[in-house]
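All residue numbers in this chain count up from 1 along the given sequence.
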Amino acid sequence: MKNTIAVLALSTLFVVSACKKTENNSTDTVKKDTVQNNTFSVDSVKVSDSVKLNDSLKIKYSSKMLVFPTIKDKSLLDSIYFGDKNIQDFSKKGLQTRLENNKNEYFSKIKKRFKRLDLRSGICPGMVF
């Protein structure tokens, strides 16, 4: 019984001493750096359209692209828009024009494929939707 009380007293002492909070009275000097006011603005352009190919088939197209007007570094912009190598103008108007061109190319490709469709037999060579 004495051993149990001694073990409990010793473990309580360890727990209390481990939980004791130490206060730091030393004053550290903190340098305040001036922070530049860099505003990072993001805009977007969006193109949505649809084409009716016949009475029962309508194709929709939608595309959206982010615009970063504050970024002027061409290599950084090239890495952001790496998926489309044909972009030369990274402004909002330039990206809008590129999305319109992509939409027109898509619709013309689909219309060409649809013209090859043999409506009587239902065979659609090369048509993937």
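Closest heavy-atom contact between Y81 and V67: OH-CA, 3.6 Å. When every heavy atom of V51 is checked against every heavy atom of K111, the shortest pair comes out as CG1-CE, 3.7 Å.
Remark: D49 CG to L99 CG distance equals 12.5 Å, nearest 0.5 Å. One finds the NZ atom of K93 at 6.5 Å from the OG1 atom of T97 (value rounded to the nearest 0.5 Å). Note that NZ of K115 and CG of L53 are 10.5 Å apart. Values are rounded to the nearest 0.5 Å. Rounded to the nearest 0.5 Å, atoms CZ (F114) and CG (N54) are 4.0 Å apart.
With sequence neighbours excluded, the residues satisfying salt bridge (charged side-chain N to carboxylate O under 4.0 Å, His left out) with K92 are D43. Take L76 and apply the side-chain contact (heavy atoms from CB on, under 4.5 Å) test, not counting sequence neighbours, and it matches I71, D73, S79, I80.
At distances below 3.5 Å, at least one donor-acceptor pair connects side-chain atoms of K72 with backbone N or O atoms of P69.
A side-chain hydrogen bond (donor to acceptor under 3.5 Å, both in side chains) check over residues 58-71, counting only residues at least two apart or in different chains, returns the pairs S48-S62.
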(Q) Set out, in order, the CA-CA distance, both residues' side-chain angles and the distance that settles side chain to side chain contact (heavy atoms under 4.5 Å, CB included) for Q96 and E100, then state yes or no. (A) CA-CA 6 Å; Q96 181 76 32; E100 289 288 336; 3.7 Å; yes
Q: Decide yes or no on side chain to side chain contact (heavy atoms under 4.5 Å, CB included) for N102 and V47, but give the supporting numbers first.
A: CA-CA 10 Å; N102 287 347; V47 173; over 6 Å; no
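Grouping the Ile, Leu, Val, Met, Phe, Trp and Tyr side chains by contacts below 4.5 angstrom, directly or via other members, places L77 with V42.
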